[in-house]
Structures are given as C-alpha cells and as structure tokens.
Amino acid sequence: MKLDRLEAFSSNRFLADYWQQRPCIISGWLEPGALPLAELLDLAVSHDLPTRLVSGHMQQQAWELVHGPLEVEDLPISAQYWTVLVQDVDKASTAVAGLLDQFRFLPDWAIDDIMISDAVDGGSVGPHVDAYDVFLVQAAGQRRWELAMDFDSEYDQRFELRLLKSWVPQLAVTLEPGEALYLPAGVAHHGVALGPCQTWSVGLRTPSGPEMLFALAESLATDETAERRLPVEDIDFRNPSRLTDTQLAAIRQLLQEALSLDDIKLAEFSGEYLSRWRQWSGDTEPVEPERVLNCLKQGHSVPLAASARLALTDSARGTVLHVNGERVDCPATLALELAAQRKLSSAWVDYPAAVEQLCELDAVAAPVRWLETDPANHRRKLSST
Ligand code: SIN
Ligand code: CO
C-alpha cells in the first residue's frame, strides 16, 4: 500500500483519485488551532456532547473506556496513555463548525460531525476499523498512524472498545499540525500520540441499506395509497397454514411492489430521509421568524444552524430543497444558494413561510451566532469558540 501526499489540495483531483478509494495525506490545507482541553470539556458538559476517556496501550493490553460527562478533575494524573474524545463539537462551537466550510465539495447530508480527541503521550484508542470515511486533521502535536487495508477483522472480546484482536500494520506515517490523513471506510488504523497532541476527525457517514429500508417501510406504512394486501393463494387443504411456494412468490411480489417507487417518490423519500438522518438531537434555541425577517430586511444574511442538514433533489419544476427531514418550498435559485452558502440571503425576505418553517425545524442559527460566522478560510488559527 502506498500513501500519496497531496501538497496543494484540489477537491476535483481528490474526488477523482482518492475519495472512497484509497487513503492519502493532505498537507497545507487545514490547520485548525487546537482547542484547550479545559474549553473542550466545558463545551462538552454545557452542550451534553458524547464524551469518552480511553486509557491503555498496545503493550499493556488493558484498554479502559469511561463515558462522560467529564470534568478536568476526572482526568488521570498520569502524563501517558490516555485520550479524551468529544463528538459533535461542531454543533456546539461556531468556530469549530467553520472548518466544515472547507468540506462543501461533499454532500451536506453525508457530513456527520467533528470529533476532537486530546491525548497525552502514548494516548491511543487502539487498532480499529470505522464504517465511515474520515479526515484526521492534526491540530497540535504529532500522532503516528499505522494503517492496514488487509487485516484480520476479528474483534478482541475482552474490551468494550471494538478493537482488532491481531494488529499487523502495513504502513505508518507521522502527522504534524497542518496535515490531514484521509481514510475511506474500512481501512484499519491505529493512531498513537507522540507527546501531547490534538486531532480533529471530520467524519462522513451514510446509512446502510437496511437502515434506509426501515425508514422507507415506516413512511410507506402510513401511505394510504398502498392498500394492496397479501393475497391468500394456493391453500394446501391438508395444512392450510403452510406457506406454499406460490404463497411465497405472492409475498415476494408484494414486497417488490412496495419497493418499486417511481422516480418522484424515490427522490422525495431520499431528500427527506437523508436530511434528517443523524440529525443533531441536542438542545437548540428557538429562533423567532420575525427576528430573522427583520435582519434580512436590513440587508443582512442569517446563517443556518451548524446542525442543519440539507439535501437537494431534482423535480420537473427544478431543484427542491429538503432541510432536517422536510421539503422547504422556495425558488430553485435560493435552494442552490442556501446549500452552497448555508446562509439565508436577503432574497429570502420574500418567502416568509419558508423562513418560518426553517425556524420551526431548528435550522436557523441562534441570534447570538449571527455575527460570529466567519467566512475566513480556516487555515488561520482559531483562538476561541
Ligand atoms: C483519535 O483521534 O484518537 C481516534 C480517531 C479515530 O481513530 O477514528
Ligand atoms: Co477511527
């Protein structure tokens, strides 16, 4: 396995040659300033973000996992072999969420979260494999990553963490601040902090077939037009309850009919489902539509909440916007502009019903955030949240 290094990031080249195909290192693209650990833990506690403390290392073979909330006082005194990991930090900090502006070349509905891990020397979460694509962005210090494309996928049953039982790396690389390692889903990895370090993981996740089927079944079951029921066919008069081959064929036929959505229904379902899948369920502040409209009337733009998930679909009347699980009626030009910029421009003032719907869907940032959004490129250091 070979690991290419991309020096000048080009999203087109990345999508053509690496995305969901093979890992690579990208340098000179992202350099988020590290968030002090105390600030990270404060954010986690005040926004109820999923937090874990992982202690252990390969030689010791005794991994421990503690779930948060965690205060600074809960951390080990030892200066070695532990890591704190906080998920969904982008939902709690506008400055952290700003890093995602560099990822707008990927679908909004696939971008899951930014997880920040802060480790002391030797800190690691052990060798494992994730079912999602990830960009591991080094924010401070150094981390040595070992990777394997071919590996024994058996898990070590001794630990709560899903760690690979036998670990044979095929390649290793040390990441410095300003470097990112892209890993497609399914590449096994093991990162070890070389001294204190902080890593930001930008994760992209999509649903599995059964997950989508489950949601589709739920939406079809409430659709009153789907009235045809299973016919009772080819009854075996000795054993009337037996499911005969003909009966099974009828079941297959009914299921296939339920699944054969026309293009319009498929697009509608997909837009709604993907724009609500893994949607943030944490606390959000209600936003008054009047306040948004007033701001727009004054010629300002209003940012979407970091947690808002968008999907666009095509229809005979043009592009359709879906936000947090609902279709939002607006002109195609505004749908496209909102997806690209994640901001309501002053043109939305003419669509008060859509603005009201976006507020009801918790898709608009709280007013306190309106002045905070900084379109500046996130290469520069972030100093606060
Ligand atoms: C870490 O940041 O320590 C772990 C991230 C990962 O392996 O996915
Ligand atoms: Co991982």
Side-chain angles (χ1 to χ4, degrees), residues 3 20 22-26 30-32 34-35 37 40-41 44 49-58 63-68 70 75-76 80-90 96 99 103 110-149 151 153 155-156 159-165 167 169-206 278:
L3 205 52
Q20 298 203 322
R22 54 200 172 113
C24 62
I25 298 174
I26 309 165
L30 305 167
E31 192 175 350
L35 208 58
L37 179 57
L40 180 63
L41 291 180
L49 306 179
T51 305
R52 290 166 297 163
L53 169 68
V54 176
S55 317
H57 57 95
M58 284 297 268
W63 301 93
E64 246 186 72
L65 169 64
V66 174
H67 291 278
L70 295 171
L75 301 176
Q80 277 193 305
Y81 305 130
W82 57 265
T83 307
V84 172
L85 304 106
V86 182
Q87 281 164 252
D88 283 313
V89 188
D90 54 307
V96 172
L99 187 78
F103 290 85
I111 298 176
D112 195 23
D113 77 331
I114 297 181
M115 177 181 81
I116 298 187
S117 76
D118 200 275
V120 293
D121 182 44
S124 157
V125 300
H128 64 280
V129 58
D130 298 315
Y132 46 87
D133 294 72
V134 67
F135 293 83
L136 297 154
V137 183
Q138 196 58 23
Q142 294 178 315
R143 183 184 287 278
R144 183 171 186 273
W145 288 100
E146 294 177 342
L147 312 183
M149 302 280 260
F151 53 90
S153 57
Y155 286 108
D156 195 327
F159 310 119
E160 189 183 342
L161 288 165
R162 275 167 71 85
L163 301 183
L164 295 170
K165 194 168 175 192
W167 177 238
Q170 294 175 305
L171 202 137
V173 60
T174 297
L175 240 60
E176 308 274 346
E179 294 180 327
L181 173 63
Y182 164 69
L183 297 181
V187 175
H189 49 286
H190 178 216
V192 180
L194 303 180
C197 89
Q198 190 172 98
T199 305
W200 292 24
S201 306
V202 178
L204 291 107
R205 208 183 285 230
T206 50
R278 292 188 65 77

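When a ligand or atom number is given, it counts from 1 through the structure's own listing order.
Ring planes of Tyr182 and Phe135: tilted class, angle from 30 to 60°.
The distance from ligand 1 to the heavy atoms of His128 drops below 4.0 Å at these ligand atoms: 6 (C), 7 (O), 8 (O). For ligand 1, the atoms lying closer than 4.0 Å to a non-hydrogen atom of Asp130 are 8 (O). The distance from ligand 1 to the heavy atoms of Arg143 drops below 4.0 Å at these ligand atoms: 3 (O).
Within 6.0 Å of the CD atom in Glu176, the count of heavy atoms belonging to other residues, nucleotides or ligands exceeds 12.
Taking both residues in full, the closest heavy atoms of Leu164 and Ala188 are given as CD1-CB, 3.7 Å, listed atom of the first, atom of the second, then distance.
The one candidate from Asp112, Asp133, Asp130 that meets the salt bridge (charged side-chain N to carboxylate O under 4.0 Å, His left out) condition with Arg205 is Asp112.
What sits closest to atom 4 (C) of ligand 1 on the protein, heavy atoms only, is Val125 CG2, 3.8 Å. Atom 1 (C) of ligand 1 has its closest protein heavy atom at Ser117 OG, 3.4 Å.
Of the possible donor and acceptor atoms, one in the side chain of Asp90 sits under 3.5 Å from a partner among the backbone N and O of Ile114.
His189 has its ring centre less than 6.0 Å from the ring centre of His128.
Here the N, O or S atom of His128 that is nearest to the Co ion (ligand 2) is NE2. Looking only at N/O/S atoms, Asp130 comes nearest to the Co ion (ligand 2) through OD2.
For ligand 1, the polar-atom distance check against His189 finds a nitrogen or oxygen pair separated by under 3.5 Å.
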